[in-house]
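First the proteins, then the strands, lettered A, B, ... as listed; each starts at 1.
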Amino acid sequence: MSQLAQSLILIGNPNVGKSLLFGCLTNRYVTVSNYPGTTVEITRARAAFGGETREVIDTPGTNGLIPQSDDERVARDMLLTTRGGDVVQVGDMSNLRRTLLLSLQIAEHDIPFTLCLNMSDEARERNAETDPAALSETLGIAVVATSALRRWNIEKLKRDALRPRKATIHATYPQPIEDAIAELTGGDLRGCPTRGMALSVLAGDETLKPFLHGDELARYDDIRERAQSRLPVPLGVAIANARVAAVDALIGSAHSHPTKAQNGFRDWIGRISIHPVWGVPFLFFVLWIAYLFVGKFGAGFLVDKVEHDLFQDRLNPLVIRFIDFIHTPHFLRELLVGPYGIITMALTYAIAIVLPVVMTFFLFFGVLEDSGYLPRLAVMLNRLFRKMGLNGKAVLPMVLGLGCDTMATLTTRILETKKEATIVTLLLALGVPCSAQLGVILAMLGPLGPEAMLIWLGATVGTIFLVGWAASKVIEGNTGDFILEIPPVRIPKLSNITIKVLARTEWYLKEAVPLFIVGTLLLYVLDALHLLTAIQRALSPLVVGGLGLPAEASNAFVIGFLRRDYGAAGLFAMQRAGHLTPTQTVIALTVITLFIPCVANFLVMLKERGQRMGLAIAGFIIAYSFGIGIALNYVMKAFGVTL
Amino acid sequence: MIHPPADEALERLWYQREKGRDVRFETTEDEERARGIVRRHRLAEILFAQVLEVDLKDAEQSACELEHTLTERVVDSVCTFLGHPPACPHGKPVPQGSCCKVYSRKVDPLVTRLVDLPIGSSGTIVFIAPKSMSRMSRLAAFGLVPGSEVRLLERKPSVVLSCGQTSIAVEDEIGSEIYVRPQ
């Protein structure tokens with residue numbers, strides 16, 4: 001790292017386009033979607049602002065500076081710890097009220113900032129435009145209207161961002177609170193806080209503790225208690241009400257109330273998708289499209305073309321001929337194109353079997369994300385998720401898990417309580433197959449007919465609900481409230497989808513292919529040392545006796561430890577070679593689906609949930625996945641079910 | 001609590017007449033008294049059962065006590081607050097008071113739970129009575145405080161409301177904790 005660059009923090013309400021703006025400012029892509037909570041971590045990148053360099057910091061969206069969940073806390077802490085950096089508040093122009101509610105709190109923390117009213121194009125469309133010049137005069141800070149999507153007015157923002165000022169926006173609180181603020185900020189206390197900190201203290205924000213002077217905590221409590229005794233409503237409520245009143249007075253005086261915009265088709269889709277009756281068929285329609293596109297087109301047509309026509313028939317024979325032609329030593333030949341060869345196994349699996357599915361899935365998923373359907377899905381499923389000790393908000397990480405369980409595990413930070421985060425982490429690792437694996441599974445189940453699909457689907461979906469329900473009883477704690485912003489339905493932009501698909505595909509290649517190669521090397525070495533047959537023999541009571549699979553399937557489970565999709569791809573190859581009967585295929589697939597997704601997911605689990613909980617979850621999953629497989633085997637045998 | 005037997009007798013008489021029996025009050029004064037008792041009883045039931053969500057048995061018991069103590073002004077305020085309801089939670093008619101006559105053409109309640117609004121219509125928040133305090137601050141962050149204007153967009157499968165340009169999905173329970181004055 002060269003010399004330190006001054007930082008520039010982007011902060012704002014959820015789903016106002018901070019990440020897109022971050023991309024505009026730094027030319028670095030971070031995931032952008034149309035639902036709150038896409039960003040759960042801090043992202044940094046350097047960028048030139050005129051002649052100066054700034055380290056731009058993207059933060060998770062927050063509704064206020066009194067955090068309600070982990071991701072909001074990350075944003076608040078970033079703002080309070082990076083004193084001296086430039087701050088840009090990003091807001092949705094259509095949503096001035098919420099924007100200013102946050103502005104007011106930043107001002108109360110004595111932090112100079114610039115206000116960026118983003119999504120101005122959408123505001124114009126909805127007839128909710130605001131005049132930045134007038135607002136700038138009212139607030140006493142620079143206000144820039146932008147559209148990050150169209151890269152409009154970014155240069156002006158870059159200029160104004162370096163000239164932050166303290167906003168003059170001010171709220172007056174009931175007298176007992178004002179008195180308490182005076183006492184807290186009066187200088188008598190050690191490390192006396194700003195007005196904003198004083199208000200957070202009064203509102204009872206426990207997460208503020210690290211920022212306060214440790215010796216004075218008792219006095220803070222004392223002051224808060226006295227103020228509370230003079231008020232009929234809880235302090236936090238009185239503070240929130242006064243803030244809204246101050247913002248409303250400001251909006252009422254300077255700006256006309258925006259009229260409700262009519263947008264025929266998109267409004268209609270928005271209404272249909274959360275309709276008590278039509279919402280359900282709409283959901284099935286979306287699933288059906290997903291199946292057609294990812295299952296039939298990606299996993300069926302594309303995999304067949306690439307794997308069969310390209311790799312099996314052309315590429316691999318060509319490589320083998322070339323290797324034979326240059327008289328490669330035997331061990332090297334085996335390493336590259338043998339049964340456990342890097343080209344014939346690792347690359348064929350990664351590129352030919354998994355990649356087409358991953359790409360079609362990311363494409364479909366990108367459209368879904370940007371359209372704003374996911375929060376609406378949360379609305380549809382809230383009541384169902386309640387039964388699992390979760391609320392509708394948990395739909396977001398669960399659906400994201402279909403893209404990548406590891407990433408989704410990080411997204412559990414948007415959930416308010418530890419109980420919810422733990423349950424979702426468990427369910428993600430246990431029952432939600434990631435796109436790579438899902439593709440392989442669909443490709444294998446496709447030719448087997450609907451019964452096989454139903455058994456597999458029943459086992460996985462049943463597991464999610466059953467284990468979720470049981471976990472909600474076993475794990476202590478509360479479920480948070482379902483309060484989720486529903487963004488407007490938007491027509492996905494081809495450019496954003498393209499970038500997103502490419503970025504995610506690149507990430508897949510970087511993350512998965514090396515592990516595929518490591519896995520192959522492991523198998524190769526084990527095979528060369530004749531340990532593979534030993535492992536197969538050792539696992540034989542479980543794999544052959546318990547699950548009723550050929551001994552060879554042990555390989556898939558061994559590499560399944562590295563990546564679940566790699567294990568699935570191994571099963572795929574076995575099925576193609578005719579080594580698995582349909583019944584065996586279903587059993588093997590069910591076990592590998594319920595298995596731990598990959599090493600990366602395991603590590604993230606340990607990091608996010610702590611060693612003990614992480615290991616407990618992993619142990620449970622391994623036992624459960626094989627248990628279900630064995631049960632399935634015996635039940636199908638007992639009833640004489642053959643597929 | 002000691003109930004003046006006359007009250008009880010009058011009340012019973014009113015109930016019998018409601019069932020269609022041929023009974024008569026001795027004086028119109030008695031009839032007015034009976035009417036007042038039943039009115040207070042049923043309004044108190046609605047207040048407890050629907051607004052405060054006390055279970056129906058407790059509501060009825062408390063209503064039995066309150067029917068003898070509430071003053072007419074308080075009763076009229078309660079009646080207005082509840083929107084001059086035509087029937088109690090058991091479906092029995094609430095005798096009308098003088099306050100109801102003023103509104104005889106407009107029977108919309110003054111204050112109602114957000115979830116009871118017709119879909120697509122809006123109201124001004126009068127008060128929020130949440131089970132937990134953190135809920136209140138979270139709602140406030142979205143600008144949902146008394147005085148704000150909200151519109152009910154959907155009741156099922158989840159309550160969805162809009163406030164300004166923001167649509168927010170909330171817990172069913174929250175939808176019945178927000179009280180609004182319909183527009």
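- Heavy-atom distances place the side chain of I174(B), and not its backbone, under 4.5 Å from chain A.
- Residue Q68(A) touches chain B through its side chain alone, counting heavy-atom pairs closer than 4.5 Å.
- Between chain B and the options V379(A), L384(A), V244(A), L381(A), heavy-atom pairs under 4.5 Å are most frequent for V379(A).
- Put simply, CZ on R383(A) and CG on D172(B) are 4.0 Å apart, with the number rounded to the nearest 0.5 Å.
- Proximity of P276(A) to E154(B): side-chain heavy atoms (C-beta onward) are separated by under 4.5 Å at one or more points.
- For R413(A), the salt bridge (charged side-chain N to carboxylate O under 4.0 Å, His left out) test picks out E41(A), E608(A), with sequence neighbours left out.
- By the 6.0 Å contact criterion, CD on Q16(B) is enclosed, its count of non-hydrogen atoms from other residues, nucleotides or ligands being greater than 12.
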Let me see the working for V170(B) and D481(A) under side-chain contact (heavy atoms from CB on, under 4.5 Å), right down to the final yes or no.
CA-CA 8 Å; V170(B) 298; D481(A) 280 337; over 6 Å; no
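- Looking only at heavy-atom pairs under 4.5 Å with chain B, the residue among N13(A), N391(A), V277(A), I274(A) that has the most is I274(A).
- Expressed to the nearest 0.5 Å, how far CD1 of I486(A) lies from CG of L153(B) amounts to 9.5 Å.
- With a 4.5 Å cut-off on non-hydrogen atoms, E416(A) touches chain B through its side chain but not through its backbone.
- Interface remark: I483(A) contributes backbone and side-chain atoms alike to the contact with chain B (heavy atom separation under 4.5 Å).
- With chain A as the partner, the residue from S158(B), P157(B), A140(B) showing the most heavy-atom pairs under 4.5 Å is P157(B).
- Side-chain contact check for N63(A) versus R138(B): every heavy-atom pair is 4.5 Å or farther apart.
- Using a 4.5 Å cut-off on side-chain heavy atoms (C-beta onward), N382(A) and E171(B) make contact.
- Atom-to-atom distance recorded for T166(B):OG1 and N15(A):CG is 10.5 Å, nearest 0.5 angstrom.
- Atom CZ of F285(A) has 12 or fewer heavy atoms from other residues, nucleotides or ligands within 6.0 Å.
- Neither the backbone nor the side chain of R243(A) comes within less than 4.5 Å of any heavy atom of chain B.
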